Amino acid sequence: MLLGLFLLLMPTKSAHNKESAATDDELRLERILENSVGVGNAAVLISDNGVVVVCDGAENSQVKLSIIKAAEVFTGFQSDKIEILKTAD
């Protein structure tokens with residue numbers, strides 16, 4: 001939990017454009033999620049319309065709920081704008 005909060009508050013490089021800022025945010029959220037119990041490997045896409053997370057632990061409803069809550073806090077998007085998908089086998 002403390003690691004997640006530290007990563008959220010950790011300063012990042014200042015971005016020169018919106019695209020590089022989104023990439024930094026995606027990488028930060030991926031790190032937070034991958035350090036959470038049950039998530040496993042994760043890939044994150046943040047767009048103007050919402051968030052997509054693809055991860056190993058998406059089949060577990062508790063893990064999925066935790067991912068949604070973390071993405072809500074990190075991005076400000078509500079749960080209806082966050083999609084969690086299972087990594088292909």
Side-chain angles (χ1 to χ4, degrees):
M1 181 78 172
L2 288 176
L3 174 64
L5 289 174
F6 172 75
L7 290 173
L8 275 174
L9 298 174
M10 186 173 66
T12 61
K13 300 183 302 185
S14 62
H16 294 287
N17 61 43
K18 186 176 178 181
E19 185 176 24
S20 65
T23 301
D24 289 346
D25 286 346
E26 290 166 353
L27 293 174
R28 290 173 65 202
L29 184 53
E30 282 176 16
R31 275 189 302 213
I32 291 166
L33 294 175
E34 288 179 340
N35 284 298
S36 300
V37 174
V39 175
N41 294 319
V44 175
L45 172 66
I46 302 173
S47 73
D48 292 337
N49 300 318
V51 179
V52 177
V53 176
V54 180
C55 68
D56 299 333
E59 290 178 335
N60 181 307
S61 60
Q62 281 300 117
V63 170
K64 195 171 185 175
L65 181 60
S66 294
I67 294 168
I68 290 169
K69 288 184 180 227
E72 283 179 321
V73 169
F74 188 81
T75 65
F77 284 109
Q78 295 198 2
S79 62
D80 64 328
K81 299 291 184 184
I82 301 169
E83 188 66 37
I84 313 301
L85 305 172
K86 170 84 172 103
T87 305
D89 293 327

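Worth saying up front: this structure is predicted, and the values here are computed from it rather than measured.
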Just so I know, are the side chains of Val73 and Lys69 near enough to count as touching, which here means a heavy-atom distance under 4.5 Å? no
What's the shortest heavy-atom distance between Cys55 and Val39, and which atoms? CB-O, 3.8 Å
Could you measure the distance from the CD1 atom of Ile84 to the CG atom of Asn60? Nearest 0.5 Å is fine. 12.5 Å
Could you state whether Ile82 and Val54 fall into the same hydrophobic cluster, counting links through intermediate Ile, Leu, Val, Met, Phe, Trp or Tyr residues with side-chain heavy atoms under 4.5 angstrom apart? no
For the CD atom of Glu30 and the CG atom of Asn35, what is their distance to the nearest 0.5 Å? 11.5 Å
Could you give the distance from CZ (Phe77) to CD1 (Ile68), rounded to the nearest 0.5 Å? 14.5 Å
Could you measure the distance from the CZ atom of Arg31 to the CD atom of Glu26? Nearest 0.5 Å is fine. 12.5 Å
Main chain of Ala42, side chain of Glu34: is a donor-acceptor contact present, judged purely on distance under 3.5 Å? yes
For Phe74, the option from Leu33, Asp25, Val51, Val44 that meets side-chain contact (heavy atoms from CB on, under 4.5 Å): Asp25
Smallest separation among heavy atoms of Asn49 and Lys81, with atom names: O-CD, 3.4 Å
Just how far is it from atom CD1 of Ile67 to atom CD1 of Ile32, taken to the nearest 0.5 Å? 12.5 Å
What heavy-atom pair brings Val63 and Gly38 nearest, and what distance separates the two atoms? CG1-O, 3.8 Å
Does Asp56 offer a backbone N or O that forms a donor-acceptor pair with the side chain of Asn41 under 3.5 Å? no
